[in-house]
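First the structure, in the form of structure tokens, and then the observations on it.
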Amino acid sequence: MNNNFSQYWKNNRRLLIPLFISLLIVHILPPFNLFEDRSSSLLQVHLLLELFAVIVAILIAIVSWYEHEMHAHPDSAILLIGFSTVAVVDLLHALTYDGMPKLVTENSTQRAIFFWLAGRTLVLLTLALLAFQIKIKISNWLGLLFAGSCASLIFWFGTFEISNMPVLYIKGTGVTGFKSVYEYILFGLNVLLAGVFIRKADWRDPVKNSAFATSCLIMALGEIVFSNYIAPSDFLNNFGHLFKVLSYYVLYQSVFVSAIRQPYQKIRESEERFRTLTELSADWFWEQDAQLRFSQISKGVSPAFYQFLIRIRPWEIDALIPVNFEWSDYRMRSSRREPFKDLICKIEKSNQIYWISSSASPVYDEQRKFAGYRGVTSDITKRKMSELQIEFLAYHDSLTALPNRIMLQDRFEQFKSYAIQKKVKLALLFLDLDHFKKINDSSGHDIGDAMLKDVAKRLEECVRKIDSVARIGGDEFLILIPDLTKTEDVVQVVEKIIENLQKPFYVNHRELTTSASVGISIFPDDAENFESLRKNADIAMYRAKDSGRNIYRFFDDGMNADATNYMVLRNGLRHAIERQELVLHYQPQLNLYTGEIIGVEALIRWNHPEMGIVSPAKFIPIAEESGLIIPIGDWVLKEACRQAVAWNMGTASRIQMAVNLSGVQFRRGDVEQSVFAALDESGLDPSLLELELTESILIQNAEHALACVKRLKSRGIKLSIDDFGTGYSSLSYLKRFDIDKLKIDQSFVRELNTNENDATIVRAIIQMAHGLNLVTIAEGVEITEILETLRSFGCDQVQGYLLSKPLPAAGLEKFMSAYTANPQGELVSAAEVD
Ligand SMILES: Nc1nc2c(ncn2[C@@H]2O[C@H](COP(=O)(O)O[C@H]3[C@@H](O)[C@H](n4cnc5c(=O)[nH]c(N)nc54)O[C@@H]3COP(=O)(O)O)[C@@H](O)[C@H]2O)c(=O)[nH]1
């Protein structure tokens, strides 16, 4: 509260102090009659001051009328009634002043003072009602009627009952004691009211409250003047009128500011704020006329675009497109005069595409007639382009921009209904580039990517517009050929594709070649849904790869069974090591000169929980393809070395352990590391380990293989060439690689005694090997006659069912103990030891 008073004093002291001082000076000055001999001048000045006060009172009433009508503010009704009455009563005071023409009855100072006091009392009452927040609900006209009635009553008393009123002024003596006391009471009440206004500064507009308080205080100061003058012509009396006018003016100011200036200022501020924001905003704020032509556009729109827009309808922006369907929704809503929000439309102008989003409401004039639209438009081109890009990427391959699998499936569904209706077929081609990995590995991914783009282009050139080419990842493509009357029609397309892809590609001045293996499945013959059709085409593609690549294969049901089997094996193989389903069997190898078992070949078996023993011929290719051969190969090496140590420990004999190595182990694994780890872990003498490699391993990776073989040989490990005679049979690499042994493939051995060619080949291999100081071993020896022939050819060693089938470790141990009992070559068959 104290805060309110100090704040008030701080704000108003510059007005109140001078007023107070001037009043004090006027009081201290000796009294003098200003208009003693010029009573007409006194009348004029008094009339002028009073008229001024009346005008201000009328202005307060008018502003209050307006504010009451516009905002129904409770203060305004009180001010309207109060100051309408005050204006009339003050006018009566001026008109009944002594010396003024007669107003109904004779005028006198007594009569004028009566109206004066009535006026002051009314002002005090009006402000008291405001200070104590008394609410009056009344219409303007009724308020005016009430004010008129009050003024009439006062006029009645001041005119016809003035003789019954207390004496207020005695000529020559001055104001009476009654009048003095009344004025002092008015003074006190005005000061009190000012206090109430200041104290309650918070509940009303503080500026208005402060003005009311100031008005009360100025009025109070004025009352002091009127409490003790001798003649109305006194300077003091006239000086007091100035206070009254000033008090009214302060009131008027605050009423005017709150009712008129403040609202207008708020509107101006709001407009300014709106204008600044619209200028800063990148959005366009606009108005359209009743014909929906742009009439106003904010500065957000670029000047160039402004030219397009102003005075045209939005959908007329591109006059070249007479019916722009993008705008149909917009036009429909506009024609229905509906509001709309975030309506997206496309503008094509000067080969540029813009996307805009508009929100707008219809505008009506005072007669509720449609006057146009007012709205805001944002340029959402960037956002829309990103959305379109995201949408594109969701359905396309980012590298080649071809449709992706999802989109192709979509198209398949569309064509499927058509195919069912028209009783035609659909072909789905699964295309995989042959040896693309090599291109990627040797030339780098950038070249690989560029080549894939070229492949995509060529594929599109090979098909019709109605066909769809999709890239589904890596070097795999799907091609959908709808509307086939007969299956054979697809052959032409696929042959064209295969032929085109064989032609060289030129990427970054490099010539690259590839080919494609294609699997074909047909709807509805091979499958009825997309996923099955794709799977079947995939299976057929694998069959094409198996058949030597660069060819196509149609899907058939047999493939499906194979593929299922394949999948079962591949999945099971992943867990075979950890589930300990892999075992090694060992097949003995016999020295034909000494009749001794010089070693065994470790041959892996998979003891499948459901399928039983699975042959390595079945699962090794799968392991190679999936890369699982690396961990499997490591396991074989370790297990074979461990077993060799176990068998050689504590005996004089030295059993050699032959282990097969896959080409994949050489290419993708760290074969040396695996071999050395197995040797180190088991402690096997390296000279007891023989690694069986195929010719292709050495030929295909000559440099890498040579370096690797050298390091292996430096540790004393033996090397033998498996399946010799079926591949390159090149003599040069046998020397280069420092090979120890040649294993003659069983395909030559099996019919050795009946097939002259085989006999010639076997004899030549043995002679050549001996010429190079290599040991020879023949595998697949099943009968004694063959063994004898081999012995006669000079073959050093044999291996085969005649001696023993591959046996589990325990079986081999039994075999060995049985065999040593017959050292002179009386061969013991596996059947016998089992
Ligand atoms: N990378 C690896 N390859 C391996 C491993 N273990 C085996 N294999 C290779 O799997 C192929 C099939 O092997 P398998 O079914 O074990 O067949 C071998 C012998 O059982 C069979 N054999 C031996 N004697 C006779 C016989 O008198 N008649 C007859 N019909 N078959 C006989 O020959 C296969 C010997 O193979 P190999 O000496 O390697 O040429 C096979 O290619 C194995 O190499 C492995 O651990 N890793």
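Computed from heavy atoms alone, side chains included, the values below leave out hydrogens, waters and symmetry copies.
Between the CD1 atom in I353 and the CE atom in M385 there is a gap of 5.5 Å [rounded to 0.5 Å]. In this structure, OG on S334 lies 5.0 Å from OH on Y373, to the nearest 0.5 angstrom. Atom-to-atom distance recorded for I25:CD1 and I21:CD1 is 7.0 Å, nearest 0.5 angstrom. Interatomic distance, OG1 of T214 versus CG of N209, reported as 10.0 Å (0.5 Å rounding). Atom CD of Q389 is separated from atom NZ of K382 by 15.0 Å, given to the nearest 0.5 angstrom. Atoms CD and CZ, on Q296 and F285 in that order, are 13.5 Å from each other to the nearest 0.5 Å.
In this model, no donor atom of one side chain and acceptor atom of the other lie less than 3.5 Å apart for Y169 and S108. For T278 and S298, the side-chain atoms include no donor-acceptor pair closer than 3.5 Å. Side chains of T121 and Y182: a donor-acceptor N/O pair is present below 3.5 angstrom, by distance only. In summary, the side chains of S357 and S378 do not present any donor paired with an acceptor at a separation below 3.5 Å, with no hydrogens or angles considered. In this model, no donor atom of one side chain and acceptor atom of the other lie less than 3.5 Å apart for Q7 and N4.
Considering all non-hydrogen atoms of both residues, H396 and A401 come closest at CD2-O, 3.3 Å. Closest approach of L221 to L23, counting heavy atoms only: O-CD2, 3.6 Å. In terms of heavy-atom proximity, L193 sits nearest to L124 at CD1-O, 3.5 Å. Heavy-atom minimum distance, V250 versus S215: CG1-N, 4.1 Å. The shortest heavy-atom contact between L388 and W355 is CD1-NE1, 4.2 Å. Across all their heavy atoms, T176 and V167 have their closest contact at OG1-O, 2.7 Å.
Dense packing is recorded around OH of Y364, with more than 12 heavy atoms of other residues, nucleotides or ligands lying under 6.0 Å away. Dense packing is recorded around CH2 of W9, with more than 12 heavy atoms of other residues, nucleotides or ligands lying under 6.0 Å away. For Y66, the OH atom is densely surrounded, since the number of other residues' heavy atoms within 6.0 Å is greater than 12. A 6.0 Å sphere centred on OH of Y249 holds no more than 12 heavy atoms belonging to other residues, nucleotides or ligands. Counting non-hydrogen atoms of neighbouring residues, nucleotides and ligands closer than 6.0 angstrom, the CZ atom of F340 exceeds 12 such neighbours. Heavy atoms of other residues, nucleotides or ligands lying less than 6.0 angstrom from CZ of F392 number more than 12.
A 4.5 Å side-chain heavy-atom check between M100 and H46 finds every atom pair outside the cut-off. Side-chain contact between F294 and D289: absent, with no pair of heavy atoms (C-beta onward) separated by less than 4.5 Å. For the pair M165 and I162, the minimum side-chain heavy-atom distance is below 4.5 Å. Within the 4.5 Å cutoff, the side chain of V181 has no heavy atoms near those of the F178 side chain. Contact annotation: the side chain of V175 never approaches that of L168 to less than 4.5 Å [non-hydrogen atoms, C-beta and beyond]. You'll find the side chain of I60 stays beyond 4.5 Å of the side chain of L80, heavy atoms only. Side-chain contact check for F187 versus L192: every heavy-atom pair is 4.5 Å or farther apart. Contact annotation: the side chain of I356 never approaches that of L343 to less than 4.5 Å [non-hydrogen atoms, C-beta and beyond].
Salt bridge absent: R111 and E106 never bring a charged side-chain N and a carboxylate O closer than 4.0 Å. For D75 and K135, the salt-bridge test fails: no basic side-chain N is under 4.0 Å from an acidic carboxylate O. Between K369 and D365 there is no salt bridge, since no side-chain N of the basic residue sits under 4.0 Å from a carboxylate O of the acidic one.
Separation of the H93 and F114 ring centroids does not fall under the 6.0 Å cut-off. The aromatic ring centroids of F132 and F197 lie 6.0 Å or more from each other. Residues F226 and W116 place their aromatic rings such that the two centres sit under 6.0 Å apart. Residues Y248 and Y252 keep their aromatic ring centres 6.0 Å or farther apart.
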Kindly indicate, with the supporting measurements, whether the criterion salt bridge (charged side-chain N to carboxylate O under 4.0 Å, His left out) is fulfilled by E272 and R268. CA-CA 6 Å; E272 180 67 18; R268 239 199 337 271; over 6 Å; no
For W284 and V376: C-alpha separation, side-chain torsions, deciding distance, then whether side chain to side chain contact (heavy atoms under 4.5 Å, CB included) applies. CA-CA 6 Å; W284 325 328; V376 56; over 6 Å; no
Would you check, one step at a time, whether the test side-chain hydrogen bond (donor to acceptor under 3.5 Å, both in side chains) holds for T377 with S358? CA-CA 4 Å; T377 293; S358 304; 2.9 Å; yes
So I344 and R383, side chain to side chain contact (heavy atoms under 4.5 Å, CB included) or not? Walk me through it. CA-CA 12 Å; I344 294 176; R383 193 189 89 197; 3.8 Å; yes
Evaluate the criterion side chain to side chain contact (heavy atoms under 4.5 Å, CB included) for residue pair E287 and V363; output intermediate values, then yes/no. CA-CA 9 Å; E287 284 176 3; V363 179; over 6 Å; no
Determine, step by step, whether I170 and Q110 satisfy the side chain to side chain contact (heavy atoms under 4.5 Å, CB included) criterion, reporting the C-alpha distance in whole Å, the side-chain angles of both residues, the deciding distance to 0.1 Å, and the verdict. CA-CA 8 Å; I170 301 165; Q110 165 76 11; over 6 Å; no
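A donor-acceptor pair under 3.5 Å is formed between the side chain of N140 and the backbone N or O of W65. Looking at N107, its side chain does come within 3.5 Å of a backbone N or O of P101 through a donor-acceptor pair. At distances below 3.5 Å, not a single donor-acceptor pair connects side-chain atoms of S247 with backbone N or O atoms of F243. The backbone N or O of N190 sits nowhere less than 3.5 Å from a side-chain atom of E223 that would complete a donor-acceptor pair. With hydrogens and angles ignored, the 3.5 Å screen pairs a side-chain donor or acceptor of S254 with a backbone N or O of L251. With hydrogens and angles disregarded, no donor-acceptor distance shorter than 3.5 Å links the side chain of S359 to the backbone of K341.
By the 6.0 Å and 45° rule, R337 stacks over the aromatic ring of F370.
Ring-plane geometry between F160 and F155 is classed as perpendicular, the angle between the planes exceeding 60 degrees on a 0 to 90 degree scale with a lower cut at 30.
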